[in-house]
A.B. asks: 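Okay, handing you the structure first.
What you see below is based on every heavy atom in this structure, not just the backbone, and it leaves out hydrogens, waters and symmetry mates.
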Amino acid sequence: MTPALQLAAVSVTLGGRPVLREASLTVAPGEIVGVVGANGAGKTTLLRAALGLATLSAGEARLGGQPVSALSDAERAGLAGYLPQERRVAWNMPAWRIAALGAPHRPPAQAHRLALAALVDVGVGDLAARGARDMSGGERAKVLIARLLVTGAPLLIADEPAAGLDPHAALQVMEVLEVRARAGAAVLVTLHDLTLAARVCDRLAVMSEGKIISLAAPRVALAPETLAEAFALEGEILDTPAGRVLAARRANHGLP
């Protein structure tokens, strides 16, 4: 089976400074891969490189087996849906209309139905007619996640989909993405919440200073030595009846 996404030794340089260094990663249909790391580790740049939105200084990115550099914008949109970290909405359109923008090439009635279903999935079905700028930040974030779902793309890429959401909503959104993966989509997300990442993702890519330093199942990827290197944390991932949780403290605990 052809991976939905392949990154082969990809590097990106911005302003003369390397921000992504020889990163290699695949995401297959049916799996969720999480990208975690401290602020500035290169997570967003990795997603942008995968989509052809960042100029590569080395390596190659492929979507659906095809070089990203050879794809038109329309072809890329058909292969990957993207939720950027920026959550700004310029116009106060009803939530369902914003969600329906994820399916611009479908008949309007079908796009409307898909939008309403996606809004229900992420927990804001009752707000379908409300203007997005009249919502809370968390509600608006859910609307934009619904727009990602409406694309129906074989690869869904989301930069911090849980940002700004309360714990219940964050779990709900990630479980919706998990359902899409189990139905055959490939999902790539960045997350700061390591407990959430360990619970939901099949594999985690841990980044530090532009490099992927660990790529494995969550308990292996977030081994104590990796937590120390990437996050300056002392701790480990524990299994509990409610799922995996991170038990950790700062490595310099007790110091400023």
A.B. asks: Please check this pair: side chain of R21 against backbone of E209, looking for a donor-acceptor N/O pair closer than 3.5 Å.
C.D. replies: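 Yes: the side chain of R21 pairs with the backbone of E209.
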
A.B. asks: Just checking E22: does its CD atom have more than 12 heavy atoms from other residues, nucleotides or ligands closer to it than 6.0 angstrom?
C.D. replies: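 No, because the 6.0 Å sphere around CD of E22 holds 12 heavy atoms or fewer from other groups.
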
A.B. asks: Does the side chain of R219 come within less than 4.5 Å of R244's, by heavy atoms?
C.D. replies: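 Yes, close enough: below the 4.5 Å cut-off.
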
A.B. asks: Evaluate the side-chain proximity of M135 to K142: yes if any heavy-atom separation is below 4.5 Å, no if none is.
C.D. replies: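 Heavy-atom side-chain distance check fails, nothing below 4.5 Å.
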
A.B. asks: Answer yes if Y82 and L7 sit in the same cluster of Ile, Leu, Val, Met, Phe, Trp and Tyr residues linked by side chain heavy atoms under 4.5 Å apart, and no otherwise.
C.D. replies: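 Yes: a chain of side-chain contacts under 4.5 Å links Y82 to L7.
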
A.B. asks: Out of curiosity, T226 OG1 to E236 CD, how far, rounded to the nearest 0.5 Å?
C.D. replies: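 Those atoms lie 13.0 Å apart.
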
A.B. asks: When you measure from the side chain of T190 to the backbone N and O of E160, does any donor-acceptor pair fall under 3.5 Å?
C.D. replies: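 The answer is yes, because a donor-acceptor pair under 3.5 Å joins these two groups.
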
A.B. asks: Please give the remaining members of the hydrophobic cluster of L238, linking ILVMFWY side chains under 4.5 Å, ordered by chain and number.
C.D. replies: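 In the cluster with L238 are V245.
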
A.B. asks: For residues 93-118, please give each side-chain donor-acceptor pair under 3.5 Å, one per line with the distance, not counting sequence neighbours.
C.D. replies:
none

A.B. asks: Evaluate the side-chain proximity of L222 to L246: yes if any heavy-atom separation is below 4.5 Å, no if none is.
C.D. replies: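 SC-SC contact between L246 and L222 ruled out.
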
A.B. asks: Identify the heavy atoms of V10 and A49 that sit nearest to each other, and give their distance.
C.D. replies: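 That would be CG1-CB, 4.0 Å.
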
A.B. asks: What's the spacing between T44 OG1 and N39 CG if we round to 0.5 Å?
C.D. replies: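 Going from OG1 on T44 over to CG on N39, the span is 9.5 Å.
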
A.B. asks: Using the rule that Ile, Leu, Val, Met, Phe, Trp and Tyr join whenever any side-chain heavy atoms are under 4.5 Å apart, tell me whether I157 and L53 fall into a single cluster.
C.D. replies: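 Result: yes, single cluster for both.
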
A.B. asks: In this structure, would I213 and L215 fall into the same cluster of hydrophobic residues linked by side-chain contacts under 4.5 Å?
C.D. replies: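 The answer is no; the residues belong to distinct hydrophobic clusters.
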
A.B. asks: Is it true that V187 and L155 fall in one hydrophobic cluster, defined by side-chain heavy atoms closer than 4.5 Å?
C.D. replies: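 Different clusters: V187 never reaches L155 through Ile, Leu, Val, Met, Phe, Trp or Tyr contacts under 4.5 Å.
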
A.B. asks: Closer than 3.5 angstrom, by distance alone: can the side chain of T2 be matched with the main-chain N or O of G64 as a donor-acceptor pair?
C.D. replies: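 Not a single qualifying donor-acceptor pair exists.
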
A.B. asks: Compute whether any side-chain donor of one residue and acceptor of the other, for S208 and E229, lie under 3.5 angstrom apart.
C.D. replies: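 E229 and S208 do not have a side-chain donor-acceptor pair below 3.5 Å.
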
A.B. asks: If you look at every heavy atom in P154 and A4, which pair is closest and at what distance?
C.D. replies: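 Distance-wise, the nearest heavy atoms are O-CB, 4.5 Å.
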
A.B. asks: Tell me if a side-chain donor or acceptor on N92 pairs with a main-chain N or O of A132 at a distance below 3.5 Å.
C.D. replies: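 Side chain of N92 to backbone of A132, a donor-acceptor pair under 3.5 Å: yes, one is there.
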
A.B. asks: Side chains of I237 and P218: does their closest heavy-atom pair fall under 4.5 Å?
C.D. replies: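 They are not in side-chain contact.
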
A.B. asks: For residues K43 and A38, report the shortest heavy-atom separation together with the two atoms involved.
C.D. replies: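 Heavy atoms only, the tightest pair is NZ-O, 3.1 Å.
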
A.B. asks: Please check if the number of heavy atoms outside Q66 that lie under 6.0 Å from its CD is greater than 12.
C.D. replies: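 Yes, because the 6.0 Å sphere around CD of Q66 holds more than 12 heavy atoms from other groups.
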
A.B. asks: Could you tell me the separation between the CZ atom of R199 and the CG atom of L194, rounded to the nearest 0.5 Å?
C.D. replies: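 Here the interatomic distance stands at 12.5 Å.
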
A.B. asks: So do the side chains of L171 and L196 get within less than 4.5 Å of each other, counting heavy atoms only?
C.D. replies: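 SC-SC contact between L171 and L196 confirmed.
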
A.B. asks: If you round to the nearest 0.5 Å, how far is CZ of R180 from CD1 of I32?
C.D. replies: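 It is 11.5 Å, given to the nearest 0.5 Å.
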
A.B. asks: Tell me, do V189 and M174 make a side-chain contact under 4.5 Å, heavy atoms counted?
C.D. replies: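 Contact flag for V189/M174 side chains = yes.
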
A.B. asks: What is the minimum heavy-atom distance between A28 and A186, and which atoms define it?
C.D. replies: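 It is O-CB, 3.4 Å.
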
A.B. asks: Would you find a donor on one side and an acceptor on the other, under 3.5 Å apart, between the side chain of R62 and the backbone of V68?
C.D. replies: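 It does not hold such a pair.
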
A.B. asks: For the CD atom of E175 and the CG atom of D121, what is their distance to the nearest 0.5 Å?
C.D. replies: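 With rounding to 0.5 Å, CD (E175) is 12.0 Å from CG (D121).
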
A.B. asks: Could you tell me if the side chain of L119 sits less than 4.5 Å from the side chain of L127, heavy atoms only?
C.D. replies: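 No, every pair of side-chain atoms sits at 4.5 Å or beyond.
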
A.B. asks: Report the distance from atom OG1 of T151 to atom CG of L79, rounding to the nearest 0.5 Å.
C.D. replies: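 T151 atom OG1 to L79 atom CG measures 11.0 Å (nearest 0.5 Å).
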
A.B. asks: Taking all non-hydrogen atoms of both residues into account, name the closest pair between E75 and L71 and its distance.
C.D. replies: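 E75 and L71 have their closest heavy atoms at OE1-CA, 3.3 Å.
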
A.B. asks: So do the side chains of P161 and L191 get within less than 4.5 Å of each other, counting heavy atoms only?
C.D. replies: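 Yes, close enough: below the 4.5 Å cut-off.
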
A.B. asks: Kindly indicate, with the supporting measurements, whether the criterion salt bridge (charged side-chain N to carboxylate O under 4.0 Å, His left out) is fulfilled by R48 and D159.
C.D. replies: CA-CA 10 Å; R48 290 177 56 81; D159 198 354; over 6 Å; no

A.B. asks: Which heavy-atom pair separates L46 from A23 by the least distance, and what is that distance?
C.D. replies: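 Smallest heavy-atom distance, with atoms named: CD1-CB, 4.0 Å.
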
A.B. asks: Can you get from L5 to M207 by hopping between Ile, Leu, Val, Met, Phe, Trp and Tyr side chains that sit under 4.5 Å apart?
C.D. replies: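 Same cluster.
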
